[in-house]
Amino acid sequence: MASESKLLSFALICLVGIGGIAAAFFWPHTAASVELSSGSYLTPSRKLPDFNLIDQQGRVFGAANLRGHWSMLFFGYTNCPYFCPTTLTMLAAMEKRLRAAKAPALPQVIFVSVDAQRDTPERLAKYVAYFDSDFIGLTAANQPSIEAVARKLGVSVIITPASDGNYTVDHSGAIFVLNPDGRVTAILTGPFTSDSLRTDFEHIVAARGSLAGRA
C-alpha cells in the first residue's frame, strides 16, 4: 500500500509538472539574463487577460486587484490530496522567511480554485487561512467560468468522475509571478521548495529594479 501511495504521488507530481511546462510554452519568451531555479523569467513581461472571479469574502476580484504589489498566483482545489497543500505550505514558509528578513517586497499569494462546484467562498476562506491569514482564495459562480479563466493562462483542468459519484480534478501546477503593474513576469514550474521560491522571487524583484534603473 505504501508503494502504491508513493507511485500515485509521483504520477501526480509528473502530471502537474507537465501542466506547468505547458503553461510556460503558452507564454513564449526570449532568453533572459535572469536565471531562476524553478521556472522561467519572461522577457518581455506579459499582460494578464481580463478576468472576474470571487474572493473568499464574496467580493469581485479582477485584474485591477493585482496592481500595486507583487503577486504569486496558483491554481488548485481544496480537495487536492497532495500537490496543492504541499505547494501552499511551501509558499507560506516562503512568506514567513521574507517577513522575517524584512524583505522590501512581499507577494500576495493567490489560490485560484479549479473546482467551483465545491469550493465556495466560505470553504476557501477556511482553507487558505489554514496556511496563511493573508492568502487570498478565488473561485467562480460556476465551473465553465473558472475553466475559461484557466484556459486564458494556459492552465489545463481535467475533471474525472469516480465510481462513487464523486470526482477528481487534475490541473496544471505552475505558479504565475506578477509584477506591480499586474503583468506576468515569470512562470515557476517546479520542483518547488520554500528556499527556491524565496530565492527566485527575490531575483525577479531585483531584476525589475535593475531594469528600471537602466531606463
Side-chain angles (χ1 to χ4, degrees), residues 2-3 5-27 29 31-43 45 69-114 127-138 153-156 169-179 184-210:
S3 297
S5 177
K6 290 180 180 179
L7 180 60
L8 289 172
S9 295
F10 176 75
L12 178 60
I13 292 170
C14 290
L15 176 63
V16 294
I18 291 170
I21 294 170
F25 278 111
F26 186 81
W27 299 79
H29 58 283
S33 58
V34 182
E35 294 293 332
L36 304 177
S37 64
S38 59
S40 302
Y41 186 86
L42 302 186
T43 303
S45 61
H69 36 68
W70 289 90
S71 301
M72 297 181 81
L73 188 150
F74 167 63
F75 286 80
Y77 66 115
T78 62
N79 282 323
C80 180
Y82 176 80
F83 188 79
C84 299
T86 300
T87 302
L88 288 168
T89 297
M90 286 187 282
L91 285 166
M94 175 205 70
E95 288 277 74
K96 184 177 180 180
R97 292 175 184 179
L98 287 170
R99 292 184 189 120
K102 300 189 184 302
L106 287 174
Q108 62 175 3
V109 174
I110 303 168
F111 179 72
V112 185
S113 173
V114 292
Y127 186 76
V128 296
Y130 174 81
F131 300 96
D132 190 293
S133 60
D134 289 336
F135 281 9
I136 296 170
L138 299 181
L153 288 168
V155 172
S156 62
V169 187
D170 296 322
H171 58 90
S172 302
I175 296 175
F176 297 85
V177 183
L178 297 102
N179 65 26
V184 181
T185 191
I187 300 177
L188 308 182
T189 54
F192 305 126
T193 67
S194 57
D195 286 334
S196 69
L197 288 170
R198 173 188 171 180
T199 300
D200 282 348
F201 177 71
E202 290 175 332
H203 287 169
I204 293 166
V205 172
R208 177 179 169 86
S210 176

One should read off an interatomic distance between His171 NE2 and Cys84 SG, to the nearest 0.5 angstrom, of 3.5 Å

Output for pair (Met90 CE, Asp195 CG), nearest 0.5 Å, gives 11.0 Å

#### Entry: Residue pair Pro107 / Met94, side-chain heavy-atom distance below 4.5 Å
yes

**Request:** Answer whether the closest heavy-atom distance between the side chains of Phe176 and Phe75 falls below 4.5 Å.
**Result:** yes

Can you check whether Phe192's main-chain N or O pairs, donor with acceptor, with Ser196's side chain at less than 3.5 Å? no

Trp70 side chain reached by Arg208 side chain, heavy atoms, under 4.5 Å | yes

Between Cys80 and Pro85 the two heavy atoms that sit nearest each other are O-CD, 3.5 Å

The reported gap from CD in Glu202 to CZ in Arg97 (rounded to nearest 0.5 angstrom) is 11.0 Å

Minimal heavy-atom distance between Phe201 and Ala105, with the atoms involved, is CE2-O, 3.4 Å

Note to self: So that I can tick it off, tell me whether Asp132 and Lys96 are bridged by a salt bridge, with the cut-off set at under 4.0 angstrom between side-chain N and carboxylate O.
What the structure shows: no

d(Ile136 CD1, Ile110 CD1) to nearest 0.5 Å is 5.0 Å

Rounding to 0.5 Å, atoms CZ (Phe74) and CG (Leu91) come to a distance of 7.5 Å

Report task. Start with the C-alpha distance between Tyr130 and Leu88, add both sets of side-chain angles, then the distance that settles side-chain contact (heavy atoms from CB on, under 4.5 Å), and finish with yes or no. Result -> CA-CA 10 Å; Tyr130 174 81; Leu88 288 168; over 6 Å; no

Check whether any side-chain heavy atom of Ser45 lies under 4.5 Å from a side-chain heavy atom of Asn179, and answer yes or no. yes

From CA spacing to verdict: side-chain contact (heavy atoms from CB on, under 4.5 Å), Tyr41, Ile204 | CA-CA 8 Å; Tyr41 186 86; Ile204 293 166; 4.1 Å; yes

- Item | Side-chain touch Val184/Leu178, heavy atoms, less than 4.5 angstrom | yes

Tightest non-hydrogen contact, residues Gly39 and Asp200, listed as N-OD2, 4.5 Å

Worksheet item: So, do Leu106 and His69 sit near enough that their side-chain heavy atoms are less than 4.5 Å apart?
Response: no

**OP:** Would you mind reporting whether Arg198 and Leu98 have side-chain heavy atoms less than 4.5 Å apart?
**Re:** yes

One should read off an interatomic distance between Ile187 CD1 and Leu36 CG, to the nearest 0.5 angstrom, of 11.0 Å

Using side-chain contact (heavy atoms from CB on, under 4.5 Å), reason through Asp134 and Arg99 one step at a time and then give a plain yes or no. CA-CA 12 Å; Asp134 289 336; Arg99 292 184 189 120; 3.3 Å; yes

Item checked: Close aromatic pair by centroid cut-off 6.0 Å: Phe131 and Phe111 -> no

Next on the checklist: Do Leu197 and Ile175 have side chains that approach each other closer than 4.5 Å (heavy atoms only, starting at C-beta)?
Outcome noted: yes

